[in-house]
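See below for the structure under consideration.
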Amino acid sequence: MVSQVGFWYNKKLFKQAGIDGESIQTWDEFLTAIEKLKAAGITPIAVGGADKWPMHFYWSYLVMRAGGQEAFTAAMQDQGDGFAGEAFVRAGEELKRWLR
């Protein structure tokens, strides 16, 4: 499975929070930017989730980072804890971290 997740950002809001969006290159820098936005009272990530499926892209990406294709394959074959397995739980926890 190949997947790519992208973000658009508001340069004015990033500047207000003291963030140079073009300098974000690593996962840790991304998470630091999220924390700076929250500290500045700015919602760090917004997703049109009324249809529910748009949030799936971010969650799936995080599952892939945590467990790879093997996690999805095992869950679809009803192996281990299925979609309640560690990679899926970790992905949900990480997603919550972004949004709080």
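Given the structure is predicted, the values throughout are model-derived calculations rather than measurements.
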message: One thing to verify: whether E35 and K38 come together as a salt bridge, which I'm taking to mean a side-chain N less than 4.0 angstrom from a carboxylate O.
response: yes
statement: Exactly one candidate in L95, L37, I34 meets side chain to side chain contact (heavy atoms under 4.5 Å, CB included) with I45; the answer is I34
query: Which heavy-atom pair separates M64 from Q69 by the least distance, and what is that distance?
result: CE-N, 3.6 Å
- request: Hey, could you give me the CD/OH distance between E22 and Y9, rounded to the nearest 0.5 Å?
  value: 4.5 Å
- prompt: Is the closest side-chain heavy-atom distance between W59 and E94 below 4.5 Å?
  reply: no
query: Which atom pair, heavy atoms only, marks the closest approach of A71 to A87?
result: CB-CB, 4.0 Å
- prompt: Measuring from E93:CD to E86:CD, what's the distance to the nearest 0.5 Å?
  reply: 9.5 Å
Closest heavy-atom pair and its distance - E29, S23: OE1-O, 3.3 Å
field: Heavy-atom closest contact (K36 atom, G18 atom, distance)
entry: NZ-O, 4.0 Å
message: Using the rule that Ile, Leu, Val, Met, Phe, Trp and Tyr join whenever any side-chain heavy atoms are under 4.5 Å apart, tell me whether F72 and V89 fall into a single cluster.
response: no
message: Can you tell me how far apart CZ (F88) and CG (L62) are? Round to the nearest 0.5 Å.
response: 12.0 Å
- line: Between the CG atom in L13 and the CD atom in Q16, the distance rounded to the nearest 0.5 Å is 5.5 Å
field: Straight-line distance of I19 CD1 to K11 NZ, nearest 0.5 Å
entry: 14.0 Å
field: Smallest separation among heavy atoms of I24 and A33, with atom names
entry: CD1-CB, 3.6 Å
